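For reference, the structure discussed in these notes is given below.
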Amino acid sequence: MNKILITGALGQIGTELASALCERYGQENVIASDVRPKKETDEIVDCLFIPLDVTNPKGVAEIVQKHNVGTIYHLAALLSAVAETKPQIAWNVNMNGLYYILEVAREFHCSVFTPSSIGAFGISAPHDRTPQETIQRPSTMYGVTKVAGELLCDYYFKRFGVDTRGVRYPGLISYKTLPGGGTTDYAVEIFYEAIRSQKYTCFLKEGTYLDMMYMPDAIDAAIRLMEANPDRLKHRNAFNVTSMSIAPEVISAEIRKHIPEFEMNYRIDPIRQAIADSWPNSLDDSAAREEWGWKPTFKLPEMAADMLEKLSKKLNVNNLLDHE
Ligand code: NAD
Ligand code: AKB
């Protein structure tokens, strides 16, 4: 079997995708890579790990050729809030990094999975049940790189026959690796603080609805799409996918069902609030459902219960959920 390479594998998605891919295809067939060295505390499975900066095209080509890579899950990127503070670096990593991956994929006949985001939409797109195909005029550097990335992947498929596929992920919620500096990070932080201190100060205001998804569904989406029958895929590189549309006070109320003393306050970060306000409230993911059978498992109640249980164990906090 050709090997599977994950770029940006030490991030929020990569650590969990690596385990899932090893389980499905065998540990010997998965190579994890990242620009930063692996630390003892990284919760990544023990597969081969190779340092790789995706902005170094020679480095990408060497690994793909040497290890006979056939599939690349390209996750290396800067997320929305970080990208707004470092737009030039974000362009370099998100765009040039993707371009080098696609060029190597063209040369060595690899298939490529690249996530886009709800950040690929802007204020002028319909905000409720945002359609699969609609106007995309994002106002952030992150969004600019995501739209351009979707188009570039489409181009490499049409022009060179590279098997490119991708989804527009919503905010992802998980307990293994912390998110890397996005606008939806509050939806992870809130669970950590609920367990640690039973209070949280949210940087987005009440009523800010955004789509979210629990990590097991996000991992399932990536693998399911890469295994889908290509003849059925009309929207290869930018499938809307979602599990739930929620606002901060909605998660807070759900947490209070398990931790009645939990309190939430607000201190709005104007930069991340402006980004969130420009993003959809909810996506229409019917194309993904029709073309490759996308169907999420976790809604808010199941996700919140699982997050609180897993994080209590991870943070070694006993008794907090004992009344359940
Ligand atoms: P993350 O920030 O947690 O991880 C990204 C990883 O990329 C980090 O480990 C970082 O060290 C690495 N990286 C940065 N620059 C690099 C470079 N030059 N070369 C190699 N590695 C580099 O991000 P994530 O949440 O795992 O996101 C992965 C992909 O999914 C990104 O394209 C992101 O835009 C997309 N996405 C994520 C979410 C989410 O909520 N997590 C939502 C929508 C889309
Ligand atoms: C971010 O907030 O930047 C990401 C995303 C939704 O793309 N979580």
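None of these values were measured; they are calculated from a predicted model.
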**OP:** Please determine if Asp34 and Lys38 form a salt bridge, counting it only when a charged side-chain N lies under 4.0 Å from a carboxylate O.
**Re:** no
Original post:
Linking I/L/V/M/F/W/Y whenever their side-chain heavy atoms sit closer than 4.5 Å, directly or via other members, would Leu79 and Ile219 fall into one cluster?
Top reply: no
Original post:
Quick check: does any side chain N or O of Gln27 sit under 3.5 Å from a backbone N or O of Asp46, one acting as donor and the other as acceptor?
Top reply: yes
Original post:
Mind checking whether Leu102 and Tyr155 have side chains closer than 4.5 Å, heavy atoms only?
Top reply: no
**OP:** Check the side chains of Glu309 and His258 for a donor-acceptor pair under 3.5 angstrom, ignoring hydrogens and angles.
**Re:** no
Subject >> Closest approach of Glu302 to Thr297 (non-hydrogen atoms, all atoms of both residues) >> reply: OE1-O, 4.1 Å
Original post:
With no hydrogens and no angle check, is any side-chain donor or acceptor of Asp42 less than 3.5 Å from a backbone partner on Lys39?
Top reply: yes
**OP:** Using only heavy-atom distances, determine whether the side chains of Asp163 and Ser111 contain a donor-acceptor pair under 3.5 Å.
**Re:** no
Original post:
What are the two closest non-hydrogen atoms of Arg168 and Asn240, and how far apart are they?
Top reply: NH1-OD1, 2.8 Å
Subject >> Distance (rounded to the nearest 0.5 Å) between Thr130 OG1 and Asp285 CG >> reply: 11.0 Å
**OP:** List the steps, then state whether side-chain contact (heavy atoms from CB on, under 4.5 Å) holds for Met95 with Leu152.
**Re:** CA-CA 9 Å; Met95 284 319 304; Leu152 194 61; 4.2 Å; yes
Original post:
Could you give the distance from CD1 (Ile195) to OG (Ser312), rounded to the nearest 0.5 Å?
Top reply: 3.0 Å
Subject >> Beyond-backbone contact of Thr71 with Met226, side-chain heavy atoms, under 4.5 angstrom >> reply: yes
**OP:** Give the minimum heavy-atom separation between Ser33 and Leu5, together with the two atoms involved.
**Re:** OG-CD1, 3.9 Å
Original post:
Phe113 vs Tyr73 aromatic rings, parallel, tilted or perpendicular, using cut-offs 30° and 60°?
Top reply: tilted
Subject >> No-hydrogen, no-angle side-chain donor-acceptor test under 3.5 Å, Glu84 and Thr140 >> reply: no
Original post:
After noting the C-alpha distance and the side-chain angles of Glu43 and Lys314, does the key distance pass the salt bridge (charged side-chain N to carboxylate O under 4.0 Å, His left out) rule?
Top reply: CA-CA 11 Å; Glu43 286 197 44; Lys314 177 174 172 159; 3.0 Å; yes
Original post:
Does CD belonging to Glu28 count more than 12 external heavy atoms closer than 6.0 Å?
Top reply: yes
Original post:
Cluster question for you: counting only ILVMFWY and a side-chain heavy-atom cut-off of under 4.5 Å, with indirect links fine, are Val144 and Leu98 together?
Top reply: yes
Subject >> Aromatic ring pairing Tyr142/Trp279, orientation class (parallel under 30°, perpendicular over 60°, tilted between) >> reply: tilted
Subject >> Closest non-hydrogen atom pair between Lys299 and Ser243, with its separation >> reply: NZ-O, 2.7 Å
**OP:** Look up atom CD1 in Ile251 and atom CZ in Arg256, then write down how far apart they are to the nearest 0.5 Å.
**Re:** 12.0 Å
**OP:** Show the numbers, then the answer: is there a side-chain contact (heavy atoms from CB on, under 4.5 Å) between Val69 and Ile31?
**Re:** CA-CA 9 Å; Val69 169; Ile31 303 165; 4.2 Å; yes
Original post:
Would you say Lys310 has more than 12 foreign heavy atoms packed within less than 6.0 Å of its NZ?
Top reply: yes
Original post:
Within 45° of the axis and under 6.0 Å from the centre of the six-membered ring of Phe157, does NZ or CZ of Arg236 qualify?
Top reply: yes
Original post:
Are Thr242 and Ser282 side-chain neighbours, meaning at least one heavy-atom pair lies under 4.5 Å?
Top reply: no
Original post:
Could you give the distance from CG (Asn29) to CD1 (Ile4), rounded to the nearest 0.5 Å?
Top reply: 6.5 Å
Subject >> Residue pair Asn237 / Thr164, side-chain donor-acceptor N/O under 3.5 Å >> reply: yes
Original post:
Any side-chain heavy-atom pair from Thr145 and Trp91 closer than 4.5 angstrom?
Top reply: yes
**OP:** Check the side chains of Thr177 and Glu16 for a donor-acceptor pair under 3.5 angstrom, ignoring hydrogens and angles.
**Re:** no
Original post:
Quick one: does Met303's side chain get under 4.5 Å of Met244's, heavy atoms only?
Top reply: yes
Original post:
Have Gln198 and Glu193 got a donor and an acceptor in their side chains that come within less than 3.5 Å?
Top reply: no
Original post:
Pick from Trp292, Trp294, Tyr169: which one makes a ring-ring contact (aromatic ring centres under 6.0 Å, His included) with Phe239?
Top reply: Trp292
**OP:** Indicate yes or no: at least one non-hydrogen side-chain atom of Ile72 is less than 4.5 angstrom from one of Val64.
**Re:** yes
Subject >> Other residues, nucleotides, ligands: >12 heavy atoms within 6.0 Å of Asn68 CG >> reply: yes
Original post:
Do Leu210 and Leu204 come close enough that some side-chain heavy atom pair is under 4.5 Å?
Top reply: yes
Original post:
Under a 4.5 Å side-chain heavy-atom rule over Ile, Leu, Val, Met, Phe, Trp and Tyr, are Leu52 and Leu75 clustered together?
Top reply: no
Subject >> Criterion side-chain contact (heavy atoms from CB on, under 4.5 Å) on Ile173 and Met307, from CA distance to verdict >> reply: CA-CA 8 Å; Ile173 299 173; Met307 276 294 281; 3.8 Å; yes
**OP:** Would you please classify the geometry between the Tyr214 ring and the Tyr175 ring as parallel, tilted or perpendicular, with 30° and 60° separating the classes?
**Re:** tilted
**OP:** Please determine, by modelled atom types, if Asp269 and Gln273 share a side-chain donor-acceptor pair under 3.5 angstrom.
**Re:** no
**OP:** Could you state whether Tyr209 and Tyr266 fall into the same hydrophobic cluster, counting links through intermediate Ile, Leu, Val, Met, Phe, Trp or Tyr residues with side-chain heavy atoms under 4.5 angstrom apart?
**Re:** yes
**OP:** Looking only at non-hydrogen atoms, find the nearest pair between Met215 and Gln12 and report the distance.
**Re:** CE-O, 3.3 Å
Original post:
How are the rings of Tyr156 and Phe160 set to each other: parallel, tilted or perpendicular (split at 30° and 60°)?
Top reply: tilted
Original post:
Linking I/L/V/M/F/W/Y whenever their side-chain heavy atoms sit closer than 4.5 Å, directly or via other members, would Tyr192 and Leu300 fall into one cluster?
Top reply: yes
**OP:** Would you please say whether a donor-acceptor pair under 3.5 Å links the side chains of Ser286 and Gln132?
**Re:** no
Original post:
Side chains of Thr7 and His74: do they bring a donor and an acceptor to under 3.5 Å?
Top reply: yes
**OP:** Using a 4.5 Å cut-off on heavy atoms from C-beta on, say whether the side chain of Arg36 contacts that of Leu10.
**Re:** yes
**OP:** Test Ile123 against His127 for side-chain contact (heavy atoms from CB on, under 4.5 Å), laying out the working first.
**Re:** CA-CA 8 Å; Ile123 197 81; His127 272 224; 4.2 Å; yes
Original post:
Just how far is it from atom CD1 of Ile6 to atom CG of Leu21, taken to the nearest 0.5 Å?
Top reply: 5.0 Å
Original post:
Roughly how far, to the nearest 0.5 Å, is CG of Leu78 from OG1 of Thr85?
Top reply: 7.5 Å
Subject >> Salt bridge present between Asp217 and Arg224 (N-O < 4.0 angstrom) >> reply: no
Original post:
Is Tyr99 atom OH crowded by more than 12 heavy atoms from other residues, nucleotides or ligands, each under 6.0 Å away?
Top reply: no
**OP:** Compare every heavy atom of Thr134 with every heavy atom of Phe121, then report the nearest pair and how far apart it is.
**Re:** CE2-CG2, 3.6 Å
